[in-house]
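Each remark here refers to the structure printed beneath this line.
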Amino acid sequence: MKHILDSKIRSAFPAESVFKTPDRYSVFSGKILPSFIKDWLIAKYSDSYGNLDTQSISDFLKEHIPDKNSNIKSRLRVNKEELVLLSRLLIETDIKNNLLRFAIPDMGIKITEGLIPDYLAKKHSELKDGEVWGVITIIYKPPIDKVQGHIELIDFKAFNPYDVDVDYFIEARKEFSISEWVDLIIRSMEYNPDYINPDDLSQSFTFARKLLFLSRLIMHVEPNINMIELAPKGTGKSYVFGNLSKYGWLVSGGVVSRAKLLYDMQRKTPGLLKLYDFVALDEIETIKFTDENEIQGALKNYLESGTYTVGDYRGVSNSGLILLGNIQLNEYYRPMNNSYFSGLPMIFKSSALLDRFHGFIEGWDLVRITEDIKVRGQTLNVEYFSEILHKLREIGDYTMIVDEMLDIPKNADTRDVKAVIKLTTAYLKLLFPHVKSKEDVSKEDFHKYCLTPAIYKRSVIRKQLSMIDPEYKEQMPIISIK
C-alpha cells in the first residue's frame, strides 16, 4: 500500500514531489532552517532516482546560507565582498530617521546595521515591515559625511521557487481515494501516516487521528478563522505552525503588545495580524500582554469582522489567530481539569471574546512526536504545499458550495452558524479541493469528513462557554444537509 501511494504521488506530482527520510536531513545539522527551505534544497540536489548530492548541498549552505560564526561582517567590511545569500530578512521602518532597516538574525546582522534603499523597496513590494525570505545581494557601505557605515541591500528576489497552478493540484486530487489523499496530506506535513506505536497501540495513527491531525491546516487554508488548541507537550504544535509556511508567524511566549499584534502608532506600521495569513500564539499560558484592555477590545472587533481600530488607524485583514497551549492530562490521557480555558491568560477569559473563536482542537488525542513518526517516502515538497494552501485561501467558491448544502435553522445562533460554515469550508478545501459544485461530493462524504468535525469543534467552544458564563447554553443548533 505504501509503495502504491509513493508511485501515485510521483505520477500525479512529478515536479512537486520529493522523497524523504529522516537521515536525508542530517546534512542540515547545525542549521536553523524552516522545512520549506530544506525541501527546496533536497529537490534541487536530487536526481530523478531520488539520490541526494549531499556535498553540493553542503557547498551551497557554506556559500549562500552562512551562520553567525561565518565572519560575514568581516567579509563584507574588510574583504569588500559582494555576497549573494538565501536568507530570512526582518524588516522594520525607522520613522525617526526616515529609513527602512533590515536584520538577518541568523547571521548576526542587527536591525541597526542593515539598510534598504528606497529605490529597491519601491521595486519589490515584498520589502515591507515583517519577515521575508529571499535571494539577496548585500555589500558594506563605509561612513560618508553624516551617513553611518552600514550593510546595504542592493538586490533582492523573493523566495518563490514554484509557479503554483492550483487547477493542476485540484485535478490531481481526482487520482486519489479519500484515505490516500489524507495520507498524502499527513506526509506533506512531514509525518508518517503508517505510524504504529508498538509499546502503546492506542497512540498509533488511526484514521480518526489523522483527520484530527490535519485540522491544524485549517488556519492555512481559510481566511479569518480563529482557533484554540490545547495539547500536552511533544505533539508538534509549534512545528506545524512555525515551519510549514512562510505565510504564518509563530509567537513563542514572551511579551505581546498592541503595537506588535495590531498597529504601532509610533512607527505607523501594521502589526502581525496585517502581515501574515495566520498568527499562532504559542505557550499561550506564559505570554504576557501589555495594554490588556485595549488589546482585548480590539481583538473582539477583529475576530468578529476582520477589522480593528487603533487610534485613528483602521486596519483590515484576513489573518487568522490561533492560541496554542499545554494542558495537563490524567493517566487516561484526558484533561485533569474539565474547564479547558482555566489556564489561559486573563485577557482571553472573557466569554464574549472566547465566543469569537470558531473551533477547538483537542490536541490530547494526537500522538506524541517521535523519530518513528517522521515521514518516510514520497511526499509533496513543503514549499509547494504551503503555496497551495496559501492559494486555497483566496478561492471563495467552496463557501458557496457549503452554503448551498447546509440546512440552517432560522433561530440558530449567528456565531455558531458562522463558525460551522467556516470550519466546514476549510475541511472541504483540504479534503475535496476538486469539488466545483454540490453534485461533485456525496452527501455522506460531506457529512462525515466536513460537517461533523466542524460541528464538533464548535461544540467544544460552546460547552466551555456554558461552564464559565450561564448566559451561554451548551446546546448547538441542529445544522444538517439539505
Side-chain angles (χ1 to χ4, degrees), residues 25-38 40-41 44-45 54-161 242-243 246 249-252 254 260 264 267 269 272 275:
Y25 285 84
S26 60
V27 68
F28 300 108
S29 177
K31 292 284 186 181
I32 303 175
L33 295 173
S35 295
F36 56 83
I37 295 292
K38 294 177 182 178
W40 176 73
L41 286 170
K44 180 179 176 67
Y45 291 106
T54 55
Q55 185 58 53
S56 291
I57 290 184
S58 295
D59 292 343
F60 183 95
L61 292 172
K62 290 177 184 177
E63 179 68 22
H64 300 294
I65 311 182
D67 55 31
K68 291 182 180 179
N69 300 319
S70 59
N71 204 22
I72 189 171
K73 293 180 184 178
S74 179
R75 292 173 61 188
L76 288 166
R77 188 185 70 84
V78 179
N79 300 344
K80 310 299 182 186
E81 291 186 51
E82 182 178 293
L83 300 180
V84 179
L85 309 171
L86 173 58
S87 178
R88 173 178 68 112
L89 298 181
L90 293 182
I91 301 174
E92 186 177 294
T93 300
D94 180 348
I95 289 293
K96 182 178 179 180
N97 296 297
N98 190 28
L99 297 170
L100 188 62
R101 299 187 179 275
F102 75 89
I104 310 180
D106 303 329
M107 301 180 192
I109 297 177
K110 302 174 184 177
I111 197 71
T112 56
E113 298 173 328
L115 285 180
I116 301 174
D118 289 343
Y119 77 87
L120 203 61
K122 291 177 181 178
K123 183 179 178 181
H124 300 284
S125 59
E126 300 90 351
L127 295 174
K128 58 186 179 182
D129 285 64
E131 178 187 88
V132 64
W133 275 87
V135 178
I136 66 171
T137 304
I138 55 175
I139 61 172
Y140 175 71
K141 285 287 191 74
I144 300 176
D145 297 329
K146 295 182 180 180
V147 180
Q148 294 180 334
H150 61 274
I151 297 168
E152 188 162 308
L153 185 69
I154 62 171
D155 197 15
F156 174 83
K157 182 180 179 182
F159 180 76
N160 191 15
N243 285 272
K246 61 178 178 284
W249 186 274
L250 181 74
V251 178
S252 297
K260 181 175 183 178
D264 191 323
R267 293 176 176 159
T269 55
L272 297 174
L275 301 173

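Sequential numbering from 1 along the given sequence is applied to the chain's residues.
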Check: [X] side chain, [Y] main-chain N or O, donor-acceptor pair, under 3.5 Å:
X: Lys80; Y: Arg77; value: yes
X: His150; Y: Pro142; value: no
X: His124; Y: Phe156; value: yes
X: Asn79; Y: Glu81; value: no

Is there a side-chain contact between [X] and [Y] in this structure, where contact means two heavy atoms from C-beta onward sitting under 4.5 Å apart?
X: Pro105; Y: Leu90; value: yes
X: Ile104; Y: Phe102; value: yes
X: Ile37; Y: Phe159; value: yes
X: Ser58; Y: Val27; value: yes
X: Leu100; Y: Asp94; value: no
X: Lys44; Y: Ser56; value: no
X: Leu89; Y: Leu153; value: yes
X: Glu82; Y: Thr137; value: yes

Evaluate side chain to side chain contact (heavy atoms under 4.5 Å, CB included) for Ile136 paired with Val84, printing each intermediate quantity in order.
-> CA-CA 6 Å; Ile136 66 171; Val84 179; over 6 Å; no
Separation between [atom1] of [X] and [atom2] of [Y], rounded to the nearest 0.5 Å:
X: Asn97; Y: Leu115; atom1: CG; atom2: CG; answer: 9.5 Å
X: Leu76; Y: Met107; atom1: CG; atom2: CE; answer: 10.5 Å
X: Thr269; Y: Ile91; atom1: OG1; atom2: CD1; answer: 12.5 Å
X: Ile65; Y: Leu86; atom1: CD1; atom2: CG; answer: 4.5 Å
X: Thr112; Y: Leu99; atom1: OG1; atom2: CG; answer: 12.0 Å
X: Trp133; Y: Lys246; atom1: CH2; atom2: NZ; answer: 10.5 Å

With salt bridge (Lys or Arg N to Asp or Glu O under 4.0 Å) as the test, would you mind laying out the steps for Lys73 and Glu113 before giving the verdict?
-> CA-CA 10 Å; Lys73 293 180 184 178; Glu113 298 173 328; 3.0 Å; yes
Should the heavy atoms of other residues, nucleotides or ligands under 6.0 Å from CD of Gln148 be counted, would the total exceed 12?
->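 Atom CD in Gln148 is not packed in, count stays at 12 or less.
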Crowding at CG, Asn98 (>12 non-hydrogen neighbours, <6.0 Å) |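 Open.
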Could you go through the side chain to side chain contact (heavy atoms under 4.5 Å, CB included) check for Leu85 and Ile72 one step at a time?
-> CA-CA 11 Å; Leu85 309 171; Ile72 189 171; 3.7 Å; yes
Take Leu120 and Leu127 through the side chain to side chain contact (heavy atoms under 4.5 Å, CB included) test and state the conclusion after the steps.
-> CA-CA 8 Å; Leu120 203 61; Leu127 295 174; 4.1 Å; yes
Might you work through the side chain to side chain contact (heavy atoms under 4.5 Å, CB included) test for Leu33 and Arg88, ending with a clear yes or no?
-> CA-CA 9 Å; Leu33 295 173; Arg88 173 178 68 112; over 6 Å; no
Salt-bridge contact Glu92-Arg101 (side-chain N to carboxylate O under 4.0 Å) |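 Not counted as a salt bridge, because no side-chain N and carboxylate O are separated by less than 4.0 Å.
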Distance-minimising heavy-atom pair for Ile154 and Tyr119 =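 Smallest interatomic distance, heavy atoms only, reads O-OH, 3.7 Å.
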Going by atom types only, do Asp129 and Thr93 share a side-chain donor-acceptor pair under 3.5 Å?
->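 Note: Asp129 and Thr93 side chains meet the donor-acceptor criterion.
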